[in-house]
There are 2 protein chains.
Amino acid sequence: MKSSLEELEKELKIRNINISYQRLKVLECLTLNHCHPTVDQIFTALHKDIPTLSKTTVYNTLRILVDAGMVRVITIEEHETRYDIDMENHGHFKCESCGMIYDFSIDIDLLTCDELSNFEVNDQNVYFKGICPGCLSNINQNK
Amino acid sequence: MKSSLEELEKELKIRNINISYQRLKVLECLTLNHCHPTVDQIFTALHKDIPTLSKTTVYNTLRILVDAGMVRVITIEEHETRYDIDMENHGHFKCESCGMIYDFSIDIDLLTCDELSNFEVNDQNVYFKGICPGCLSNINQNK
DNA sequence: AACAAATCTGTAATCATTATAAATCAATTA
DNA sequence: TAATTGATTTATAATGATTACAGATTTGTT
Ligand SMILES: [Mn+2]
Ligand SMILES: [Mn+2]
Ligand SMILES: [Zn+2]
Ligand SMILES: [Zn+2]
């Protein structure tokens, strides 16, 4: 669990990304909120601390972090790009009722697909959609 | 393998979708080309036969078909929505070199994720990215 | 301080998708 | 058949997220 600003600075240095206040803050926002925020959510969250922040900077910073392999893009819904600092192989569940996105672990046995034995697999993505337990119980209560 | 126009008409009737020439043609385009086309590709393909076709009609028709459960949306890349008439549970591999999208079968054992035991799962999506065999051999030849 | 390089900001441009309203088509009835 | 009605299609405008760009600001170095 890397969260302190010092840790984040180290991570950036390792990947030859110059350090700036905005870049650290975007990174910090992602580490503190593992909720897979959108650009807009990141921008709104940081705007309180950095009134001069430009949304372009958020876009640019995220592209740098994604290209460097520190952050991954999550596209479950069209026109709702989200960002995840957790680079471990895991799946995402989006509740179609409340919109929340949950992580879940997936088995690497997915790899044992001999149809793809001659393919070079660089990136694996798994996402489900449905209704989360909380929304399920709400629906049942309102019956 | 449903492909004839009569079969497609039946499918539409079953789902209470009124039949029109444009709707049949969009459906036919999807059944003949299992290459997961974009709206633009579908529009361009049909425009030869239907010069008056509007792109809006392609969008509207696809939404109807998706809502009816006859077609699924494939969003691997942001800003590149694709459509697939194969509703069976299967995965997609996108080659980052040639852009081609391959189908591959996936094991339903993905379901055996007890983390999601209290979730209602309505939709499962799996996609990989990497380099396909053809592009791999091209790269090796050019070395 | 002066300079150069990198970063950030604000605005404009892009482009896929959606909204809207008029035109066309298809089915129904007088 | 002609008129009517409703559904579908078309063309155009609007939307909204992302990207391009150019000037302003910051940072580091001499
Ligand atoms: Mn995640
Ligand atoms: Mn497919
Ligand atoms: Zn929920
Ligand atoms: Zn390829």
Side-chain angles (χ1 to χ4, degrees), chain A residues 5 8-9 11-13 15-29 36-68 70-84 99, chain B residues 5 8-9 11-13 15-29 36-68 70-84 99:
Chain A
L5 287 182
L8 295 175
E9 285 198 22
E11 285 284 327
L12 287 173
K13 276 177 187 162
R15 294 167 200 265
N16 282 322
I17 299 172
N18 291 341
I19 289 162
S20 77
Y21 185 61
Q22 286 87 343
R23 287 174 186 177
L24 279 174
K25 280 300 189 178
V26 168
L27 257 185
E28 189 188 43
C29 181
H36 316 89
T38 63
V39 165
D40 223 68
Q41 289 169 337
I42 295 170
F43 173 76
T44 303
L46 296 184
H47 195 256
K48 298 164 194 159
D49 293 332
I50 319 170
T52 62
L53 183 66
S54 164
K55 198 174 280 186
T56 302
T57 300
V58 180
Y59 275 107
N60 290 339
T61 302
L62 287 169
R63 181 162 32 77
I64 289 169
L65 297 175
V66 169
D67 289 349
M70 286 183 74
V71 170
R72 70 155 69 185
V73 177
I74 309 291
T75 46
I76 297 179
E77 303 289 349
E78 186 60 12
H79 296 156
E80 191 185 87
T81 307
R82 295 173 172 276
Y83 296 87
D84 192 351
Chain B
L5 286 182
L8 295 174
E9 286 199 21
E11 285 283 327
L12 287 173
K13 277 176 186 162
R15 294 164 201 265
N16 282 321
I17 299 173
N18 291 341
I19 290 161
S20 77
Y21 184 61
Q22 285 85 345
R23 287 175 186 175
L24 279 174
K25 280 302 190 178
V26 168
L27 257 185
E28 190 187 42
C29 182
H36 317 90
T38 63
V39 164
D40 223 69
Q41 288 169 336
I42 295 170
F43 173 77
T44 303
L46 295 183
H47 195 255
K48 298 164 194 160
D49 293 331
I50 320 170
T52 62
L53 183 67
S54 164
K55 198 174 279 186
T56 303
T57 300
V58 180
Y59 276 107
N60 290 340
T61 302
L62 287 170
R63 181 160 34 76
I64 290 168
L65 297 175
V66 169
D67 289 349
M70 287 182 73
V71 170
R72 70 156 67 187
V73 177
I74 308 290
T75 47
I76 297 180
E77 302 289 349
E78 186 61 13
H79 296 155
E80 190 184 88
T81 307
R82 295 174 172 274
Y83 296 87
D84 191 350

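Each chain gets a letter, A, B and so on, in the order its sequence line appears, and its residues count up from 1. Everything numeric here is computed off the predicted structure, so don't read it as measured data.
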For this session: Taking only heavy atoms on the protein side, list every residue of residues 43-50 of chain A lying under 4.0 Å from any atom of DNA chain D, sorted numerically.
Result: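 Here the set is empty: none.
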In whole angstrom, what separates [X]'s [atom1] from [N]'s [atom2]?
| X | N | atom1 | atom2 | value |
| --- | --- | --- | --- | --- |
| B:E78 | C:dT14 | CD | C1' | 15 Å |
| B:R82 | C:dA16 | CZ | C1' | 14 Å |
| A:Y21 | D:dT27 | OH | P | 12 Å |
| B:D40 | C:dC15 | CG | C1' | 11 Å |
| B:K55 | C:dA16 | NZ | C1' | 9 Å |
| A:L24 | C:dC8 | CG | P | 10 Å |
| B:I19 | D:dG6 | CD1 | P | 21 Å |
| B:K25 | D:dT9 | NZ | P | 14 Å |

Any idea which of [options] is nearest the [X] side chain?
| X | options | value |
| --- | --- | --- |
| A:T57 | D:dT9, D:dT18, C:dT9 | C:dT9 |
| A:S54 | D:dT8, D:dT10, C:dT9 | C:dT9 |
| B:S20 | C:dC8, D:dT8, C:dT20 | D:dT8 |

Interatomic distance, [X] atom [atom1] to [Y] atom [atom2] [nearest 0.5 angstrom]:
| X | Y | atom1 | atom2 | value |
| --- | --- | --- | --- | --- |
| A:E78 | B:H79 | CD | NE2 | 6.5 Å |
| A:L8 | A:L12 | CG | CG | 7.0 Å |
| A:L24 | A:E9 | CG | CD | 5.0 Å |
| B:I76 | B:H36 | CD1 | NE2 | 7.5 Å |
| B:T38 | B:I74 | OG1 | CD1 | 13.0 Å |

Problem set entry | Polar side chain donor-acceptor pair, A:T57 to A:Q22, under 3.5 angstrom |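 Note: A:T57 and A:Q22 side chains miss the donor-acceptor criterion.
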For this session: Could you pick out which residue, B:N60 or B:E80, lies toward the 5' side of DNA chain C when each is mapped onto its nearest nucleotide?
Result: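 Going by which nucleotide is closer to the 5' end, it is B:E80.
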For this session: Determine the sole option in A:V58, A:L62, A:L65 for which the side-chain contact (heavy atoms from CB on, under 4.5 Å) test with A:Y83 is passed.
Result: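 The option that passes is A:L62.
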Problem set entry | Presence of A:Q22 side-chain N/O under 4.0 Å of D:dT26 phosphate oxygens OP1/OP2 |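 No, because none of the side-chain N or O atoms of A:Q22 sits under 4.0 Å from OP1 or OP2 of D:dT26.
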Exercise. On DNA chain D, nearest-nucleotide positions of B:R23 versus B:H79: which is more 5'?
Worked result: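 The 5'-side residue here is B:R23.
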For this session: Would you kindly compare B:T56 and B:I17 by the position of their nearest DNA chain D nucleotide and give the one closer to the 5′ end?
Result: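 Its nearest nucleotide lies further toward 5', so the answer is B:I17.
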